[in-house]
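Structure first, commentary second.
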Amino acid sequence: MSEKVLYEGKSKVVCEGPDSDSYIIRYKDTATAFNGEKKEDLSGKGKLNSSISNLIFEYLMKNGIETHLVKIIDDISAVVKKAEIVMVEVIVRNVAAGSFSKKYGVPEGTALKNITTEFSLKSDELGDPMINDSQITAIGIATADELSFMRAQALKINELLCALFEKMGIRLVDFKLEFGRAGGKIILCDEISPDSCRFWDAKTNKKLDKDVFRRDLGDVLEGYREVLKRLQNV
Ligand code: TMP
Ligand code: ASP
């Protein structure tokens, strides 16, 4: 590919798009954790995440969620709408795990009595700290209206994803979303993949996501391949 690279992230490259309203994103094989401190090249990861995320975005779009996805180019590349990323990550949790379990002393796997949403500041330098609504609006990262829209969209997306993953025999434990501003709207951007979600096999609780890499639990891509296979057959 010869498009001009505009930005290189940890797991994707953003290139100039075919017109002024779009970018081309290209998935990389790099896996990172702990804000980039742990890093490894995993051959085939880009392809897997690209395929998984595209299938999920297409499903969400069919169900009324606006996303940045315009057109899939090949195994690892897609044209996406140019959007100004809102610099917070939106995290939805159905089951206690990860930082939630650690911070609040709730054992991993505990079902939550209600779905939780939280925001973190998108900043590797600062370690993506959790940030609340009044802090986000005080700094000017997003308006109160934008925050309530993103939270409502995140909950709608959770409902749609829970229904889809239940059919696949997978428990959607938690996930992270990113949104961007494009054409006066807030749309879903970035990716939804085993990098950004916790997926547990519904029967065995086997981890099918990046925690296998974060915690050195074995062949991380085995789970990614399983998620793709089940998504293709749902
Ligand atoms: P956490 O339990 O570590 O806060 O993670 C919550 C969810 O967000 C989990 O599904 C993994 C995802 N996530 C990311 O996508 N990027 C990140 O930088 C972090 C820390 C978590
Ligand atoms: N995405 C973050 C990183 O690459 C952390 C994570 O997903 O655990 O460092």
Side-chain angles (χ1 to χ4, degrees), residues 7-14 25 27-42 45-46 48-50 52-53 56-57 60 67-68 85-112 115-132 150-151 153-155 157-158 160-162 164-165 168 170-180 188-202 205-217 220-221 223-224 227:
Y7 169 78
E8 177 150 6
K10 284 176 294 187
S11 61
K12 288 188 287 299
V13 179
V14 180
I25 53 168
Y27 286 75
K28 305 199 298 186
D29 279 343
T30 320
T32 67
F34 315 116
N35 305 312
E37 266 172 52
K38 180 175 164 129
K39 192 171 167 188
E40 220 173 282
D41 246 36
L42 299 172
K45 174 176 169 286
L48 286 163
N49 272 356
S50 168
I52 292 168
S53 190
I56 293 177
F57 271 47
L60 293 175
T67 84
H68 70 167
I85 295 294
V86 181
M87 293 305 279
V88 289
E89 301 185 339
V90 186
I91 294 159
V92 179
R93 299 179 195 269
N94 298 303
V95 176
S99 69
F100 185 95
S101 289
K102 219 172 173 183
K103 211 178 293 168
Y104 305 118
V106 183
E108 284 211 315
T110 309
L112 298 172
I115 299 158
T116 71
T117 55
E118 68 195 61
F119 297 106
S120 7
L121 182 67
K122 241 180 92 65
S123 166
D124 278 345
E125 231 170 81
L126 300 174
D128 292 351
M130 198 195 264
I131 187 165
N132 72 27
M150 289 191 289
R151 187 177 276 121
Q153 282 300 88
L155 291 173
I157 291 167
N158 183 49
L160 290 166
L161 292 184
C162 282
L164 176 70
F165 280 86
M168 293 159 51
I170 289 174
R171 208 168 165 204
L172 179 62
V173 172
D174 57 30
F175 58 93
K176 181 267 300 177
L177 302 174
E178 293 184 24
F179 292 89
L188 180 66
C189 294
D190 195 47
E191 68 184 84
I192 300 183
S193 73
D195 271 17
S196 60
C197 304
R198 285 196 173 91
F199 295 133
W200 294 355
D201 182 89
N205 276 335
K206 186 175 172 193
K207 295 183 200 310
L208 306 171
D209 57 60
K210 199 163 92 173
D211 269 350
V212 175
F213 170 74
R214 293 188 190 101
R215 302 177 189 190
D216 288 322
L217 300 175
V220 61
L221 295 190
Y224 286 45
V227 171

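All of these numbers come straight from a predicted model, not from anything done at the bench. Counting starts at 1 for both ligands and their atoms, following the listed order.
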Atom 2 (C) of ligand 2 has as its nearest protein heavy atom K10 NZ, 3.6 Å
Note, L112 side chain near F100 side chain (heavy atom, < 4.5 Å)
yes
Contact between V90 and F179 at the side-chain level, heavy atoms closer than 4.5 Å - yes or no?
yes
Distance from atom 6 (C) of ligand 1 to nearest protein heavy atom, with residue and atom:
R198 NH1, 3.6 Å
Short side-chain donor-acceptor distance under 3.5 Å, T32 and R214:
no
Taking the side chain as C-beta and beyond, is there a heavy-atom pair between Q153 and R151 under 4.5 Å?
no
Which heavy atom of the protein is the closest neighbour of atom 8 (O) of ligand 2, given with residue, atom name and distance?
R214 NE, 2.6 Å
Inter-residue atom distance L160.CG - I56.CD1, 0.5 Å rounding:
11.5 Å
Could you label the plane-to-plane angle of the F199 and F165 rings as parallel, tilted or perpendicular, counting under 30° as parallel and over 60° as perpendicular?
parallel
Just verifying a value: how many Å separate D41 CG and T30 OG1, rounded to the nearest 0.5 Å?
4.5 Å
Taking only heavy atoms of F175, which atoms of ligand 1 are found under 4.0 Å from at least one of them?
10 (O)
Could you find the nearest protein heavy atom to atom 1 (N) of ligand 2 and give me its residue, atom name and distance?
K210 NZ, 3.7 Å
Looking only at N/O atoms, are D174 and ligand 1 under 3.5 Å apart anywhere?
yes
Under 4.0 Å from a heavy atom of D128: give me the atoms of ligand 1 that qualify, with their elements.
18 (O)
Regarding D174 and N94, do their side chains bring together a donor and an acceptor under 3.5 Å, going by distance alone?
no
Based purely on interatomic distance, does N35 place a nitrogen or oxygen under 3.5 Å from a nitrogen or oxygen of ligand 1?
no
Under 4.0 angstrom from atom 19 (C) of ligand 1, is there any protein heavy atom?
no
Within the 4.0 Å heavy-atom cut-off, what S196 brings close to ligand 1 is both
Which heavy atom of the protein is the closest neighbour of atom 4 (O) of ligand 2, given with residue, atom name and distance?
T32 OG1, 2.2 Å
Once rounded to the nearest 0.5 Å, what's the spacing between atom CG of D190 and atom CD1 of I85?
6.5 Å
Can you confirm whether the side chains of Y224 and D209 place a donor and an acceptor under 3.5 Å from each other?
no
Just distances here: any N/O of N35 and N/O of ligand 2 closer than 3.5 Å?
yes
If you take all heavy atoms of I131 and V88, which pair is closest and at what distance?
CG2-CG1, 4.2 Å
Which is it for R93 and ligand 1 at heavy atoms under 4.0 Å: side chain, backbone, both or neither?
side chain
Nearest-neighbour protein heavy atom for atom 5 (C) of ligand 2, which is reported as residue plus atom name and distance
F34 N, 3.7 Å
The closest protein heavy-atom partner of atom 17 (C) of ligand 1 is E89 OE1, 4.1 Å
Among non-hydrogen protein atoms, atom 14 (C) of ligand 1 lies closest to K176 CE, 3.6 Å
For ligand 1, which atoms sit closer than 4.0 Å to a heavy atom of G98?
2 (O)
Within ligand 1, which atoms have a heavy atom of C197 less than 4.0 Å away?
10 (O)
Can you tell me how far apart CD (E89) and CG (D128) are? Round to the nearest 0.5 Å.
4.5 Å
Please list the nearest protein heavy atom to atom 1 (P) of ligand 1 with its residue and the distance rounded to 0.1 Å.
S99 OG, 3.3 Å
Using heavy atoms and a threshold below 4.0 Å, how should the contact between D195 and ligand 1 be classified: side chain, backbone, both, or neither?
backbone
As a check for students: among R214, K122, K102, identify the option with a heavy atom nearest to atom 21 (C) of ligand 1.
R214
Ignoring hydrogens and geometry beyond distance, is a side-chain donor-acceptor pair present between E191 and S193 at under 3.5 Å?
yes
